[in-house]
Participant: 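A single structure is presented below for examination.
Each chain gets a letter, A, B and so on, in the order the sequences are listed, and its residues count up from 1.
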Amino acid sequence: MLQKIKMRWKATVEQHLHNLAEKTLGKSELIKDIPLVVQVPPKPELGDVAFPLFAYAKPFRTSPQKLVEQLIASLNESGDLPAGTLLAAGPYLNVKIDTAELANELETAIRNRKEQYGHTSSMADKRVMVEFSCPNTNKPLHLGHLRNDAIGQSIAAILKANGADVHKVNLINNRGVHICKSMLAYMKFGNNETPESSSVKGDHLVGNYYVRFAQWEKEDPTALEQAQTMLKQWEDGDPEIVQLWEKMNRWTLDGIKQTYDKTGISFDTYYYESDTYKLGRDKVASGLKANVFYKESDGSVWIDLAEIGLDKKVLLRKDGTSLYLTQDIGTAIARHEDWPFDSLIYVVANEQSYHFKVLFHVLQKLGYDWASDLHHLAYGMVNLPEGKMKSREGTVVDADDLFDMLAKMATSDILEKGREEDVKDVQQTSEAIALGALNYYLLQVNPLKDMIFNPAESLSFNGNTGPYLQYMGARISSMYRKYVESGTPVDTISFDGSLLNLEEERELIKSLADFEETVKQAATNLDPSVITAYLYDVSRKYSKYYHDYPILKAESKSLIKARLTLSLMVLQVLRNAYELIGIPFLETM
RNA sequence: GUAGCCAUAGCUCAGCUGGAUAGAGCAUCAGAUUGCGGAUCUGGAGGUCGGAGGUUCGAAUCCUCUUGGCUACACCA
């Protein structure tokens, strides 16, 4: 909405630049290829839109400052300008836009579109598949998964908000030696323990045996060999092994799904490696026939990656069994058959960049033209202030433990502030705060970058955090309740945007009007941190405004109406933005 | 060794396609509450944007080189 106004101004200024070029230079071709840059001035008093004119100085053979003066004169002569005021700011031509008109437009838009406000159609009719999470079934989720999940879930929401048809998929890594390790340890040391018998969440129980295996491996050098034997038995369909595999997989998946529920993660389709790993084999066989691949003398199948500047890569072992890459080929093809997509986004750690480079290339060579629609959204590692998470050193932060710790912390805060009566359900509220804290912390960093997760800092409810944002929503909600209790005295008065002319109000209106653009940019960049930054900016602006000016006690009824409406618009936009990054909205907290 | 990613305040992070005096939070120092939720707000201090060249009217941003860190380059997933 703000963007539209800016573009209108841009077109107007461009037109006048050309007129000016005709008039003073005799020809406008000289400036035809110089793009007019649109910016935001660094300070509010400098206006709302800025056009730097440096680049035009040379063809006009004058200083940018003088050009600004001439341009303003030209613009002022024309009676047909968008609403606003022109400002000469040195080499910049600035515009202070008329926010009264914008406020009215904004009010209508938000009233009509409500939770849809901010949604765009920039990706309408695009079918996008998003793959994320992809846990192993030998242990519970850890902090790294939480970042993956948060990014995947958020990207899906953001794309959807831009009109895309989004399909979220998970790929369960449920086969391989690592899975057999926990199975083997369970067989040896399990004593038929079950999640029910020991009251341990299934994924944690299986994870305990994975750890147990690592201990046992140190004592018994044949442990790994035994695990490999078990894998062979599994592949051969040994009924006893398969039964155990099914049982333990179910335990893990049930546990992981509980974690998903708690953290607001969901999928449209689950794929299982055990179902798809064979598919890739056939595709490699046909690729071999088509001479895309070649066979070594020992029978293994390879691809030469010289074309993309890489070495050779194995696709099938000499015994014909498939590898990680092989099965990902099959999985991709199966997915495209199941749900033909325009684009498939893999949310996977950046340490696998090589893998995806190869995967995409192989699919290309196999003749799938949609291979160019595959995208690896690589994200960085999550480290701890003490250093890296290492499973071998036991410094991995468990997802459930972390979440519970956050929730407990929130609870003690609620009790400390004596708010248990107001929030009604303390447990539910605590979990909502914990989730807000977690998602905001994980998403505020550009996905690409490694980040440091500081548990102590994430537990803080001050500053640039999820709970701070939730608090803004709760405060506005509280104010609105108070208004309703008072008998809705200004409900019949109509909203008048021209009353909102404080600098703080203009800034808020501009921000709210820019939400659509923000949502679009988040999708273009595939970056939820665009939304978190926006949310924090709006919240901070509103906090200051709310702190400095009375809303319900403003001096006139029409001003109360205007400010209350602005506050409710802020609330609506906050809620719509929360939705995109997994921050639960709370009426009270 | 080869390739990719990263480097901004003491710490954690922003900085959109190059543009005005590089911004937040935490920590630190100093303030604000007869109020619509103080889980708030205001101000101070804190920077050679890893380093060196280059392109440009103009560079944290683009190019080259360089230093440091992380990751990958498995018949593991």
Side-chain angles (χ1 to χ4, degrees), chain A residues 35 37-43 46 50 52 54-55 57-58 63-64 89-92 94 134 136 173 175-179 273 296 298 300-302 309-311 313-319 321-325 327-328 349-355 357-358 378 380-381 383 385 388 410 413-414 416-417 419 422 433 441 444-446 448-454 456-457 460-465 467-468 470-472 474-483 486 517-518 521 524-525 529-530 532-533 536-537 540 543-554 563-564 567 588-589:
Chain A
V37 178
V38 187
Q39 289 179 325
V40 179
K43 282 180 174 180
L46 290 169
F54 301 97
K58 201 180 263 179
S63 69
Y92 296 87
N94 290 3
C134 305
N136 294 326
N173 297 304
R175 47 150 241 121
V177 185
H178 56 302
I179 305 299
E273 210 178 278
E296 273 294 340
D298 67 353
S300 55
V301 179
W302 297 70
L310 298 173
D311 208 347
K313 184 83 187 171
V314 92
L315 293 164
L316 276 184
R317 292 190 185 98
K318 61 187 169 199
D319 65 0
T321 56
S322 60
L323 291 117
Y324 178 42
L325 182 63
Q327 109 215 326
D328 248 6
N350 61 11
E351 57 194 5
Q352 294 196 40
S353 295
Y354 169 83
H355 169 75
K357 210 172 187 176
V358 175
M381 313 224 315
N383 297 316
K388 300 172 60 174
D413 245 321
I414 289 169
E416 203 176 291
K417 302 231 151 50
R419 298 200 51 79
D422 298 276
I433 291 171
Y441 199 95
Q444 79 187 125
V445 180
N446 183 313
L448 193 71
K449 291 186 161 187
D450 287 353
M451 67 178 287
I452 294 180
F453 182 83
N454 185 332
E457 195 175 291
S460 157
F461 294 95
N462 295 317
N464 188 2
T465 66
Y468 169 82
Q470 289 174 309
Y471 177 61
M472 283 309 119
R475 259 176 131 182
I476 298 174
S477 304
S478 165
M479 182 178 67
Y480 184 64
R481 277 196 302 276
K482 199 139 278 181
Y483 168 74
S486 75
E517 201 55 33
T518 304
Q521 201 199 327
T524 309
N525 300 2
S529 75
V530 171
T532 60
Y536 183 64
D537 180 59
R540 219 159 43 95
S543 291
K544 181 170 162 48
Y545 173 60
Y546 177 85
H547 183 268
D548 292 350
Y549 300 97
I551 312 288
L552 297 180
K553 293 176 183 169
R563 289 182 175 176
L564 178 63
S567 301
T588 58
M589 62 187 283

Participant: Give the nucleotide from the list B:rG38, B:rA77, B:rA20 with an atom nearest to the side chain of A:Arg475.
Facilitator: B:rG38
Participant: Taking the inter-plane angle between the rings of A:Tyr536 and A:Tyr468 on a 0 to 90° scale, is it parallel (under 30°), tilted (30 to 60°) or perpendicular (over 60°)?
Facilitator: tilted
Participant: Hey, does A:Asp422 reach any base, or is it just sugar-phosphate, or nothing, if we go heavy atoms under 4.0 Å?
Facilitator: nothing
Participant: Scan A:Asp450 against the nucleic acid and name what it touches under 4.0 Å (heavy atoms): base, sugar-phosphate only, or nothing.
Facilitator: sugar-phosphate
Participant: Closer than 4.0 Å, any side-chain N/O of A:Lys58 to the OP1 or OP2 of B:rC57?
Facilitator: yes
Participant: Under 4.0 Å, counting only non-hydrogen atoms across every strand here, what does A:Ala57 touch: a base, just sugar-phosphate, or nothing?
Facilitator: nothing
Participant: NA contact type, A:Gln39, heavy-atom cut-off 4.0 Å: base, sugar-phosphate, or nothing?
Facilitator: base
Participant: Give A:Ile551 one of three labels, base, sugar-phosphate or nothing, depending on what nucleic acid heavy atoms sit under 4.0 Å from its own.
Facilitator: base
Participant: Counting only side-chain N and O atoms of A:Arg175, is one of them less than 4.0 Å from OP1 or OP2 of B:rA77?
Facilitator: yes
Participant: Among the nucleotides B:rA72, B:rG37, B:rC75, which one has an atom lying closest to any side-chain atom of A:Ser478?
Facilitator: B:rG37
Participant: If you check the A:Val445 side chain, which of B:rA14, B:rU12, B:rA39 turns out closest?
Facilitator: B:rA14
Participant: Given B:rC36, is OP1 or OP2 found less than 4.0 Å from the side-chain N or O atoms of A:Lys553?
Facilitator: yes
Participant: Which is true for A:Lys482 with a 4.0 Å heavy-atom rule: it touches a base, it touches only sugar-phosphate, or it touches nothing?
Facilitator: sugar-phosphate
Participant: Checking all strands, does A:Asp328 fall into the base, sugar-phosphate, or nothing category for heavy-atom contacts under 4.0 angstrom?
Facilitator: nothing
Participant: Using the P atom as the point on both nucleotides, what is the distance between B:rG54 and B:rA7, in whole Å?
Facilitator: 24 Å
Participant: Among B:rA77, B:rA39, B:rG25, find the nucleotide with the atom closest to the side chain of A:Ile414.
Facilitator: B:rA39
Participant: Check whether any side-chain nitrogen or oxygen of A:Lys43 sits under 4.0 Å from OP1 or OP2 of B:rA20, and answer yes or no.
Facilitator: no
Participant: Base, sugar-phosphate alone, or nothing: which one does A:Pro41 contact when heavy atoms must sit under 4.0 Å apart?
Facilitator: base
Participant: So, is A:Tyr480 close to the B:rC36 phosphate, meaning a side-chain N or O under 4.0 Å from OP1 or OP2?
Facilitator: no
Participant: For the side chain of A:Asp298 and the base of B:rC75, is some donor closer than 3.5 Å to an acceptor across the two?
Facilitator: yes
Participant: Remember a base hit wins even if backbone is also touched, and classify A:Tyr549 as base, sugar-phosphate or nothing at under 4.0 Å, heavy atoms.
Facilitator: base
Participant: Let's see if you can work this out: which of B:rA77, B:rG35, B:rG37 has an atom nearest to the side-chain heavy atoms of A:Asn136?
Facilitator: B:rA77
Participant: Check every atom of B:rA24, B:rA72, B:rC36 against the side chain of A:Tyr354 and return the nucleotide holding the closest atom.
Facilitator: B:rA72
Participant: Please state whether the phosphate of B:rU40, meaning OP1 or OP2, lies under 4.0 angstrom from any side-chain nitrogen or oxygen of A:Ser543.
Facilitator: no
Participant: Do any N or O atoms of the protein come closer than 3.5 Å to N or O atoms of nucleotides 5-7 of chain B, and which pairs are they?
Facilitator:
residue, atom, partner, partner atom, Å
B:rA7, OP1, A:Lys449, NZ, 3.1

Participant: From the set B:rU12, B:rA39, B:rC41, return the single nucleotide nearest to any side-chain atom of A:Tyr468.
Facilitator: B:rC41
Participant: Which nucleotide in the set B:rU12, B:rU42, B:rC75 lies at the smallest distance from any side-chain heavy atom of A:Lys544?
Facilitator: B:rU42
Participant: Which is true for A:Tyr536 with a 4.0 Å heavy-atom rule: it touches a base, it touches only sugar-phosphate, or it touches nothing?
Facilitator: sugar-phosphate
Participant: Heavy atoms only, 4.0 Å cut-off, all strands: where does A:Ile452 land among base, sugar-phosphate and nothing?
Facilitator: sugar-phosphate
Participant: Just checking A:Glu273: base, sugar-phosphate only, or nothing, at a heavy-atom cut-off of under 4.0 Å?
Facilitator: sugar-phosphate
Participant: Treat a base pair as Watson-Crick or G-U wobble with both distances under 3.5 Å, then lay out RNA chain B in dot-bracket form, 5' to 3', with | for cross-strand pairs.
Facilitator: (((((((..((((.....[...)))).(((((.......))))).....(((((..]....))))))))))))....
Participant: Looking only at the side chain of A:Ala474 (C-beta and beyond, no hydrogens), which of the listed nucleotides B:rA77, B:rU12, B:rG37 gets closest?
Facilitator: B:rG37
Participant: Could you list the residues that satisfy salt bridge (charged side-chain N to carboxylate O under 4.0 Å, His left out) with A:Lys318, not counting sequence neighbours?
Facilitator: none
Participant: Base, sugar-phosphate alone, or nothing: which one does A:Pro550 contact when heavy atoms must sit under 4.0 Å apart?
Facilitator: base
Participant: Mind checking A:Met451 for me? I need base, sugar-phosphate or nothing, with any heavy atom below 4.0 Å counting as a touch.
Facilitator: sugar-phosphate
